[in-house]
2 protein chains.
Amino acid sequence: MNTIEIRKGEIIQRSGELNSKIYNVNTGLLRSYTIDDKGKEHIYQFAPEKWMIADLGSPEKPCQLFIDAIEDSSVTVFEKDPDISPTDKIKLTNRMKVLQNRIIMLISASALDRYLHFIETYPNIIERVPQRMIASYLGVTPEALSRVRKNL
Amino acid sequence: MNTIEIRKGEIIQRSGELNSKIYNVNTGLLRSYTIDDKGKEHIYQFAPEKWMIADLGSPEKPCQLFIDAIEDSSVTVFEKDPDISPTDKIKLTNRMKVLQNRIIMLISASALDRYLHFIETYPNIIERVPQRMIASYLGVTPEALSRVRKNL
DNA sequence: CTTATGCATTGATGTAGATCAACAGGTAAT
DNA sequence: ATTACCTGTTGATCTACATCAATGCATAAG
């Protein structure tokens with residue numbers, strides 16, 4: 001468990017690598033994402049201050065997510081430890097709530113509704129992230145998001 | 001922590017209710033789902049033997065998921081306890097891996113690919129569940145899934 | 001047997017969002 | 001200042017999937 005500085009654009013985990021770390025963001029902003037066979041990025045998660053970010057696969061298996069910094073960041077690195085603290089437990093639960101909501105949005109809501117839900121859930125992130133990344137997170141194209149926004 | 005029997009079709013949790021329970025399936029098959037404003041179901045999770053199922057929102061807030069039994073089932077009921085055992089921790093981690101994969105599928109894969117991924121991940125569930133429920137899980141209509149299957 | 005209910009399939013048509021392409025402003029590098 | 005790059009926007013077209021509606025086929029109920 002140590003703290004490291006990551007500069008904007010720096011990749012700290014690549015798809016296919018082995019990795020047993022969980023990152024806790026102190027300052028800045030990270031993201032995790034996949035790159036599909038057409039070279040297209042699909043963002044899985046944003047992690048601003050106080051959020052955890054990791055590929056949750058088994059430590060001995062190659063992970064499927066890239067993680068990099070959208071802003072210069074300071075993160076604390078943990079091992080994927082079977083022993084977790086009560087605080088981390090709460091975070092884990094919160095994280096799962098987010099996943100739950102997101103899946104529901106993805107299977108049931110239009111691009112517009114997903115966007116509205118997003119700005120409600122992450123009001124602070126919108127200004128810090130390029131629009132195309134939000135589109136990626138929402139599972140739509142940047143063009144589609146631009147058109148959604150045009151209609152307020 | 002006690003064990004209860006649930007008959008096929010029985011609803012053990014409704015959207016809007018307060019609920020602080022986590023269900024561990026011993027035998028049978030449960031599902032959780034939402035119903036949108038058009039009355040359409042969107043399945044969030046299937047839970048066969050040895051799986052956990054719950055709405056992970058705060059215990060004091062109304063939950064958003066329905067949970068019912070697709071088959072006669074026997075389930076063990078737990079409180080959403082901040083203290084979890086190492087075994088449960090592993091289950092929780094597995095659960096999050098599933099969520100991760102599912103989100104990636106939803107934001108990046110076609111109906112066909114999602115279906116292929118599904119039968120790979122849950123080969124045993126396909127035969128036990130009506131096709132329209134799988135469609136719901138995949139976030140497509142039954143008609144669309146039927147057409148996907150027609151092309152092998 | 002007859003009727004009813006639920007599921008899968010098929011066809012016709014509609015539409016949200018993808019794709020492709022061009023263009024405009026902003027910022028960084030030379 | 002000039003070039004290059006990146007992001008967002010807008011338009012034209014395409015397509016995957018939704019929607020609506022009808023049909024067949026089971027199993028269950030009278």
Side-chain angles (χ1 to χ4, degrees), chain A residues 7-11 29 31 33-43 46 68-72 102-119 125-152, chain B residues 7-11 29 31 33-43 46 68-72 102-119 125-152:
Chain A
R7 268 174 311 168
K8 175 177 173 173
E10 195 174 342
I11 298 178
L29 182 58
R31 63 165 180 166
Y33 56 100
T34 59
I35 298 185
D36 69 19
D37 41 22
K38 289 176 196 135
K40 190 172 169 188
E41 291 178 12
H42 298 277
I43 294 186
F46 293 113
D68 69 12
I70 297 174
E71 305 171 353
D72 292 349
R102 187 165 175 204
I103 288 176
I104 291 168
M105 284 294 121
L106 286 170
I107 63 181
S108 64
S110 68
L112 171 61
D113 289 338
R114 300 216 287 271
Y115 181 64
L116 293 176
H117 177 259
F118 182 87
I119 60 184
I125 289 188
I126 312 170
E127 306 108 29
R128 297 162 65 183
V129 165
Q131 206 166 290
R132 35 179 293 285
M133 287 194 183
I134 295 176
S136 171
Y137 182 93
L138 297 176
V140 300
T141 58
E143 294 95 327
L145 180 56
S146 173
R147 285 173 180 123
V148 160
R149 280 164 50 89
K150 196 166 55 165
N151 313 343
L152 298 171
Chain B
R7 268 173 311 169
K8 174 176 172 175
E10 195 174 342
I11 298 178
L29 181 59
R31 63 165 179 165
Y33 57 100
T34 59
I35 298 184
D36 68 20
D37 42 21
K38 289 175 196 136
K40 189 171 170 189
E41 290 179 12
H42 297 278
I43 294 187
F46 292 114
D68 69 12
I70 296 173
E71 304 171 352
D72 292 349
R102 186 162 177 209
I103 288 176
I104 290 169
M105 284 294 121
L106 286 169
I107 62 180
S108 64
S110 67
L112 172 61
D113 289 338
R114 300 215 287 271
Y115 181 63
L116 294 176
H117 177 259
F118 182 87
I119 60 185
I125 290 188
I126 312 172
E127 305 107 31
R128 297 162 65 184
V129 164
Q131 205 165 290
R132 37 181 289 287
M133 286 195 184
I134 296 177
S136 172
Y137 182 92
L138 296 177
V140 300
T141 58
E143 294 95 328
L145 180 56
S146 173
R147 286 171 180 126
V148 161
R149 280 164 49 90
K150 198 166 54 164
N151 313 343
L152 299 170

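We name chains A, B, ... by the order of the sequence lines, and we start the count at 1 in each one. What you are looking at is a predicted structure, and each value in this text was computed from that prediction instead of being measured. When reading the values below, keep in mind they use all heavy atoms of this one structure, side chains included, and skip hydrogens, waters and symmetry mates.
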(message) Using the side-chain heavy atoms of B:Ser146, tell me which of these nucleotides is nearest: C:dA18, C:dT9, C:dA8.
(response) C:dT9

(request) Could you grab the distance from atom CD1 of B:Ile134 to atom CZ of B:Phe118, nearest 0.5 Å is fine? (result) 4.5 Å

(request) Round to the nearest Å and state the distance from B:Leu112 atom CG to D:dT15 atom P. (result) 17 Å

(message) How long is the straight-line distance from CG of B:Leu145 back to OG of B:Ser136, given to the nearest 0.5 Å?
(response) 11.0 Å

(request) Can you tell me the distance, in whole Å, between the NZ atom of B:Lys8 and the P atom of D:dT27? (result) 13 Å

(request) Rounded to the nearest angstrom, tell me the gap between atom CG in A:Leu138 and atom C1' in C:dA16. (result) 15 Å

(message) Treating primed atoms plus P, OP1 and OP2 as sugar-phosphate and everything else as base, which nucleotides of nucleotides 24-30 of chain C get B, S or - for protein heavy atoms under 4.0 Å?
(response) -------

(request) Calculate the interatomic distance between A:Ile126 atom CD1 and D:dG8 atom C1'; express it in whole Å. (result) 16 Å

(message) Under a 3.5 Å distance rule, please check whether B:Arg149 uses its side chain to pair with a backbone N or O of B:Tyr115 as donor and acceptor.
(response) no

(request) Take the protein atom CZ of A:Arg114 and the nucleotide atom C1' of C:dA16, then report the distance between them rounded to whole Å. (result) 11 Å

(request) Whole angstrom is fine here: how far is it from CG in A:Leu145 over to P in D:dT9? (result) 8 Å

(message) I'd like to know if the side chain of B:Asp68 and the backbone of B:Gly9 have a donor-acceptor N/O pair within less than 3.5 Å.
(response) no

(request) Kindly say if B:Thr141 contacts the phosphate of D:dA18, meaning a side-chain N or O under 4.0 Å from OP1 or OP2. (result) yes

(message) Given the structure, check if the side chain of A:Arg147 and the base of D:dG11 hold any donor-acceptor pair shorter than 3.5 Å.
(response) yes

(message) Rounded at 0.5 Å granularity, tell me how far NE2 in B:His117 sits from OG in B:Ser110.
(response) 12.5 Å

(message) Regarding D:dG8, can its base be found pairing with the side chain of A:Arg149 as donor and acceptor, where the two atoms are less than 3.5 Å apart?
(response) no

(request) Look at the side chain of A:Arg132 and the backbone N and O of A:Pro142, then say whether any donor-acceptor pair between them is shorter than 3.5 Å. (result) no

(request) Take atom CD of A:Gln131 and atom P of D:dT7, then tell me their distance rounded to the nearest Å. (result) 12 Å

(message) So, under a plain 3.5 Å distance rule, would you say the side chain of B:Glu143 forms a donor-acceptor pair with the base of C:dC7?
(response) no

(message) Go through it in stages, so that I can follow the logic: the residues are A:Tyr137 and B:Ile107, the test is side chain to side chain contact (heavy atoms under 4.5 Å, CB included), and I'd like the CA-CA distance, side-chain angles, deciding distance and then a yes or no.
(response) CA-CA 8 Å; A:Tyr137 182 93; B:Ile107 62 180; over 6 Å; no

(message) Taking only side-chain N and O atoms of B:Lys150, does any of them lie within less than 4.0 angstrom of OP1 or OP2 on C:dT10?
(response) yes

(request) Could you check how far CD1 of B:Ile70 sits from P of C:dC7, rounded to whole Å? (result) 11 Å

